[in-house]
**Student:** 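Just dropping this structure here.
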Amino acid sequence: MKFDDILQEVGEFGKYQKFVYFLLCIPSFACGLFMMHLVFVMETPNYRCKLKDYPNDTYLVQNMEHRRLVDIFIPRDSVGSYRKCDFYSYTSNVSITASMYTHNETELANLTIGANATLQTCSEWVYDKSVFKETFTSEHNLVCDDAILVSHSRMVFYFGVLVGDIVFGWSSDRLGRKITMYTGLLLLIGGAFAVSWAPEIISFTVLEFIIGAANHAFLCTNVLGQELVGPSKRKYTGTIWHMSFAVGVVYQTIVYYFSRDWQTSCIVFAASCLVMIPYWWLIPESPRWLISQGRHEEANVILQRIAKVNGTTMSPEIAKNLIIKKENVGSFRDLLKSKIMCLRAVILSFNWMAVSLMYYGVTLNAGHIGNFYLNFFLMGIVEFPGILCTIFLIDRIGRKKLHLICMLVGGVACLLTIFTVTVARETLRPLTVALAVTGKMASSAAFVVVYIFTVELFPTVIRNVALGTGSCFARFGSMTAPYFVTLGMTIEGSLGEAFSLVIFGAVSVAAGIMCLYLPETLNQKLPETIEDGINFGRVRKTTVVDRNGKDDTERNFENDKIENLQL
């Protein structure tokens with residue numbers, strides 16, 4: 001008897017599994033909180049150089065006199081916005097203190113803006129407080145020459161996610177799902193509280209690395225949820241887990257909208273995770289994993305508990321008769337053994353990177369194309385229809401077509417922003433936001449599809465290797481996304497606003513087109529061996545002589561081979 005047969009006896013998705021699965025969705029909610037929190041924490045508000053020696057200077061113009069001083073000493077860029085890092089220094093040594101302004105009103109009034117002046121780099125800034133009261137960036141002046149530190153810190157966070165994928169993925173298979181989840185939880189709570197009082201950028205970045213790594217320890221909760229549920233329910237439970245991530249993104253936006261302070265919000269997020277502390281006593285270890293480790297008695301206790309809560313019965317000794325064999329697992333070298341497998345690995349890895357680049361890049365860029373909170377809220381909400389469309393369409397039009405459509409729709413939408421921004425920047429602002437939101441929705445759907453596509457395309461012996469490789473490339477996409485956003489901010493004018501979106505769109509379209517070289521996996525039997533993987537999707541013309549001596553030809557070699565192996 002197989003383990004899935006036992007689940008059908010005790011209940012594929014009974015009361016016990018529903019309760020545990022609900023609890024396991026909360027870690028996914030926490031992932032949504034922290035995977036995107038640097039968008040707010042390290043957001044750079046509008047800013048300009050502080051007027052030297054002017055008391056209580058603010059970004060917001062206080063009165064006409066203040067406006068006149070700002071116009072005199074702060075240069076403008078090509079589109080009329082105040083430059084952020086330079087100020088005018090006049091040869092006449094005009095002072096701009098309030099008292100001197102009063103006594104030298106005539107001198108200032110007759111001064112030609114920018115005449116006989118040199119540009120100098122400032123060391124103090126004032127920030128727009130209308131969107132954020134304070135961000136880590138504004139509190140520590142990570143602007144101008146230090147602006148690159150923001151991208152570095154974001155990159156280190158996503159590098160931590162990559163390390164978490166590797167370390168906690170290994171821990172989940174070796175030490176168990178439960179202990180991995182709880183270790184990640186404790187690290188996440190500790191890091192989230194500590195980062196709220198980080199005194200400078202180095203300690204802040206180190207703590208963000210820990211948060212990023214701990215955050216992806218929660219991926220094992222998805223595996224645990226799937227292993228407790230029967231085969232017929234896994235398609236839905238896997239998707240709902242991803243929806244919980246989107247709920248976390250929306251919740252995060254609401255918290256920031258009302259607090260508008262990075263430190264307060266981080267404390268709220270850390271405190272929100274305290275609800276998971278009792279999980280050590282509420283969440284069971286995966287009985288499937290326990291049996292694979294030879295711990296049959298522990299697995300039997302859990303299975304009996306499931307049967308009791310679900311109102312079913314199970315033989316007391318049934319778990320002892322189960323043996324889950326560990327299959328021989330291939331290596332990364334096996335993934336590259338043949339040209340066909342290598343090409344498919346390259347195409348899908350690039351798609352993982354492209355999906356992640358657009359998913360995180362569009363979100364990071366949300367605040368630069370209009371209302372920050374509204375845009376980010378929309379970025380979270382549109383994940384729900386994106387994921388629901390995947391559920392509805394993936395078994396109807398196939399993985400390949402659906403993924404291609406998602407990548408092209410999202411990519412083209414982002415590319416079109418170059419026209420809405422350059423032609424009529426403010427007039428077409430709603431259309432620019434709509435196009436960016438479309439890109440986010442398409443990338444959300446593509447994330448789900450590429451996961452399933454990868455699992456089904458590669459053979460069992462290297463399936464985890466292929467999935468891990470794709471996930472690693474996805475991290476490269478998320479690590480590079482902040483740099484494109486920052487680069488766009490350094491470009492003056494409307495082109496800078498659309499720059500990063502155009503890059504994300506171009507990469508997405510290129511990745512989608514590459515998928516044309518991949519075979520469809522819908523309704524195909526999964527390959528088991530390396531040879532099956534090489535022959536998957538290949539049509540070989542063979543000559544077969546039937547019983548009457550007639551030629552019976554043109555068969556799908558891969559399907560025939562797998563069918564023959566199963567006979």
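Hydrogens, waters and symmetry mates play no part in the numbers below; they use all other heavy atoms, side chains included.
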**Student:** Which value, rounded to the nearest 0.5 Å, describes the distance between L343 atom CG and L348 atom CG?
**Tutor:**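 Between L343 CG and L348 CG, I get 9.5 Å after rounding to 0.5 Å.
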**Student:** Using a 4.5 Å cut-off on heavy atoms from C-beta on, say whether the side chain of V156 contacts that of E208.
**Tutor:**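 SC-SC contact between E208 and V156 ruled out.
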**Student:** So W289 and L224, do their side chains get closer than 4.5 Å, heavy atoms only?
**Tutor:**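 They are not in side-chain contact.
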**Student:** Does any N or O in the side chain of S151 come within less than 3.5 Å of the main-chain N or O of A147, such that one atom is a donor and the other an acceptor?
**Tutor:**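 Side chain of S151 to backbone of A147, a donor-acceptor pair under 3.5 Å: no, none is there.
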**Student:** Closer than 3.5 angstrom, by distance alone: can the side chain of S444 be matched with the main-chain N or O of E383 as a donor-acceptor pair?
**Tutor:**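 Judged by distance alone, no pair lies under 3.5 Å.
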**Student:** What's the spacing between N375 CG and R429 CZ if we round to 0.5 Å?
**Tutor:**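 N375 CG to R429 CZ: 9.0 Å, rounded to 0.5 Å.
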**Student:** Could you tell me whether the side chains of S265 and S259 share a donor-acceptor contact shorter than 3.5 Å?
**Tutor:**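 There is such a pair between these side chains.
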**Student:** Using 0.5 Å steps for rounding, measure from the OG1 atom of T253 to the CG atom of L374.
**Tutor:**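 Rounded to the nearest 0.5 Å, the OG1-CG separation comes out at 10.0 Å.
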**Student:** If you define the side chain from C-beta out and look only at heavy atoms, does anything of L185 sit under 4.5 Å from F218?
**Tutor:**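 They are in contact (side-chain heavy atoms under 4.5 Å apart), so the answer is yes.
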**Student:** Classify the side-chain pair T454/W352 by whether it contains a donor and acceptor separated by less than 3.5 Å.
**Tutor:**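 Distance-only check passes for T454 and W352.
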**Student:** Does E134 have any side-chain hydrogen bond (donor to acceptor under 3.5 Å, both in side chains) partners at least two apart in sequence or in another chain, and if so, which?
**Tutor:**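 For E134 the side-chain hydrogen bond (donor to acceptor under 3.5 Å, both in side chains) partners, ignoring immediate neighbours, are S138.
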**Student:** Walk me through whether K84 and V143 qualify under side-chain contact (heavy atoms from CB on, under 4.5 Å).
**Tutor:** CA-CA 9 Å; K84 301 178 183 297; V143 294; over 6 Å; no
**Student:** Could you walk me through whether L402 and F453 pass side-chain contact (heavy atoms from CB on, under 4.5 Å), step by step?
**Tutor:** CA-CA 10 Å; L402 181 58; F453 204 2; over 6 Å; no
**Student:** Looking at V355 and S443, what are the two nearest heavy atoms and their distance?
**Tutor:**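 Heavy atoms of V355 and S443 come nearest at CG1-O, 3.6 Å.
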**Student:** To the nearest 0.5 Å, how far apart are CG in L408 and SG in C515?
**Tutor:**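 Separation between the atoms: 9.0 Å.
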**Student:** Do you know the tightest heavy-atom contact between I394 and R399?
**Tutor:**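 What the structure gives for the nearest pair is O-NH1, 3.0 Å.
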**Student:** Verify, without hydrogens or angle tests, whether R154 (side chain) and L38 (backbone) share a donor-acceptor contact under 3.5 angstrom.
**Tutor:**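 Flag set: sc R154 to bb L38 pair under 3.5 Å.
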**Student:** With side chains defined as the heavy atoms from C-beta onward, is the minimum distance between V507 and F350 less than 4.5 Å?
**Tutor:**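 Yes. Closest side-chain heavy atoms under 4.5 Å.
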**Student:** Check the pair Y279, Y182 against ring-ring contact (aromatic ring centres under 6.0 Å, His included), reporting the backbone distance first and the verdict last.
**Tutor:** CA-CA 8 Å; Y279 272 26; Y182 210 75; 8.1 Å; no
**Student:** Return the minimal non-hydrogen interatomic distance between L457 and P519, and the atom names on each side.
**Tutor:**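 Looks like CD1-CG, 3.5 Å.
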**Student:** Give the minimum heavy-atom separation between L501 and C414, together with the two atoms involved.
**Tutor:**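 Looks like O-CB, 3.2 Å.
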**Student:** Let's go through T44 and L142 carefully: what are the C-alpha distance in whole Å and the side-chain angles of both, what is the deciding distance for side-chain contact (heavy atoms from CB on, under 4.5 Å) to 0.1 Å, and is it a yes or a no?
**Tutor:** CA-CA 8 Å; T44 304; L142 302 178; over 6 Å; no
**Student:** What distance do F376 atom CZ and N365 atom CG have between them, rounded to the nearest 0.5 Å?
**Tutor:**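 With rounding to 0.5 Å, CZ (F376) is 12.0 Å from CG (N365).
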**Student:** Keeping the roles fixed (side chain from T264, backbone from R260), state whether a donor-acceptor pair exists under 3.5 Å.
**Tutor:**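 Such a contact is absent between T264 side chain and R260 backbone.
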**Student:** Using distance alone, with no hydrogens and no angle criterion, decide if T469 and S349 have a side-chain donor and acceptor under 3.5 Å apart.
**Tutor:**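 No, because no side-chain N or O of T469 sits under 3.5 Å from a partner of the opposite role on S349.
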**Student:** Once rounded to the nearest 0.5 Å, what's the spacing between atom CE of M276 and atom CE of M181?
**Tutor:**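 If I round to the nearest 0.5 Å, the distance is 8.5 Å.
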**Student:** Look at atom NZ of K129 and say whether more than 12 heavy atoms of other residues, nucleotides or ligands are closer to it than 6.0 Å.
**Tutor:**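 More than 12 within 6.0 Å, yes.
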**Student:** Using the benzene-type ring in the case of Trp, are the ring centres of H37 and F157 under 6.0 Å apart?
**Tutor:**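 Between H37 and F157, the centre distance is under 6.0 Å.
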**Student:** Can you tell me if CD1 on I201 sees more than 12 non-hydrogen neighbours from other groups inside 6.0 Å?
**Tutor:**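 Yes, because the 6.0 Å sphere around CD1 of I201 holds more than 12 heavy atoms from other groups.
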**Student:** Are the side chains of Y360 and M35 in contact, using a 4.5 Å heavy-atom criterion?
**Tutor:**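 In short, these two side chains touch, coming nearer than 4.5 Å.
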**Student:** Tell me if the aromatic rings of Y451 and H403 count as close, with their centers under 6.0 Å from one another.
**Tutor:**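 That pair fails the under 6.0 Å test.
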**Student:** Taking all non-hydrogen atoms of both residues into account, name the closest pair between L415 and A506 and its distance.
**Tutor:**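 That would be CD2-N, 3.7 Å.
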**Student:** Is it the case that Y127 and N141 place a side-chain donor and acceptor less than 3.5 Å from each other?
**Tutor:**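 A pair is found: one side chain offers a donor N or O, the other an acceptor, under 3.5 Å apart.
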**Student:** Test your reading of the model: is there a side-chain donor-acceptor pair from S508 to the backbone of F504, 3.5 Å cut-off?
**Tutor:**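 Not a single qualifying donor-acceptor pair exists.
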**Student:** Just so I know, are the side chains of C472 and D165 near enough to count as touching, which here means a heavy-atom distance under 4.5 Å?
**Tutor:**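 The answer is no; the side chains never approach within 4.5 Å.
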**Student:** Assess the side chains of T420 and T432: does a donor N or O sit below 3.5 Å from an acceptor N or O?
**Tutor:**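 Note: T420 and T432 side chains meet the donor-acceptor criterion.
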**Student:** Is it the case that Y257 and Q252 place a side-chain donor and acceptor less than 3.5 Å from each other?
**Tutor:**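 No.
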**Student:** Under the ring-ring contact (aromatic ring centres under 6.0 Å, His included) test against Y256, which residue among Y373, F269, W262, Y251 passes?
**Tutor:**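 The residue from Y373, F269, W262, Y251 that satisfies ring-ring contact (aromatic ring centres under 6.0 Å, His included) with Y256 turns out to be F269.
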**Student:** Spell out, as yes or no, whether a donor-acceptor pair under 3.5 Å connects the side chain of E12 to the backbone of V229.
**Tutor:**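 It does not hold such a pair.
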**Student:** Does I254 have more than 12 heavy atoms from other residues, nucleotides or ligands lying within 6.0 Å of its CD1?
**Tutor:**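 Yes, CD1 of I254 has more than 12 neighbouring heavy atoms, counting only those of other groups under 6.0 Å.
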**Student:** Determine whether V161 and N215 satisfy the following criterion, side-chain contact (heavy atoms from CB on, under 4.5 Å), listing intermediate values before the conclusion.
**Tutor:** CA-CA 7 Å; V161 174; N215 204 33; 5.6 Å; no
**Student:** Any donor and acceptor pair, going by atom type alone, linking the side chain of N351 with main-chain N or O of A511 inside 3.5 Å?
**Tutor:**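 Checked: pair present.
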**Student:** Under the rule for ring-ring contact (aromatic ring centres under 6.0 Å, His included), what residues qualify as partners of F245, not counting sequence neighbours?
**Tutor:**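 ring-ring contact (aromatic ring centres under 6.0 Å, His included) list for F245, sorted by chain: empty.
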**Student:** Is there a side-chain contact between V509 and M407 (heavy atoms, below 4.5 Å)?
**Tutor:**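 V509 does not reach M407 side chain to side chain.
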**Student:** Compare all side-chain heavy atoms of S153 with those of F204 and state whether any distance is below 4.5 angstrom.
**Tutor:**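 Yes, side chains in contact.
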**Student:** Would you say the ring centers of F372 and F40 fall short of 6.0 Å from each other?
**Tutor:**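 Yes, the ring centres sit under 6.0 Å apart.
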**Student:** Could you check whether any side-chain N or O of S171 sits under 3.5 Å from a backbone N or O of V167, counting only pairs where one atom can act as donor and the other as acceptor?
**Tutor:**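 Pair absent, no side-chain N/O of S171 close to backbone of V167.
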**Student:** Taking the side chain from E520 and the backbone from K400, do they hold a donor-acceptor pair closer than 3.5 Å?
**Tutor:**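 Yes; at least one donor-acceptor contact below 3.5 Å.
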**Student:** Should we say atom CZ of F159 is surrounded by more than 12 heavy atoms from elsewhere, each under 6.0 Å from it?
**Tutor:**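 12 or below, so no.
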**Student:** F34 vs H216, test: ring-ring contact (aromatic ring centres under 6.0 Å, His included). Steps then yes/no.
**Tutor:** CA-CA 10 Å; F34 289 98; H216 258 221; over 10 Å; no
**Student:** Would the distance check show the side chain of S356 and the main-chain N or O of G477 forming a donor-acceptor pair, the cut-off being under 3.5 Å?
**Tutor:**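 A pair under 3.5 Å: no.
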**Student:** For A198 and L207, which heavy atoms make the closest approach, and how far apart are they?
**Tutor:**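 Where A198 meets L207 most closely, the heavy atoms are CB-CD1, 4.4 Å.
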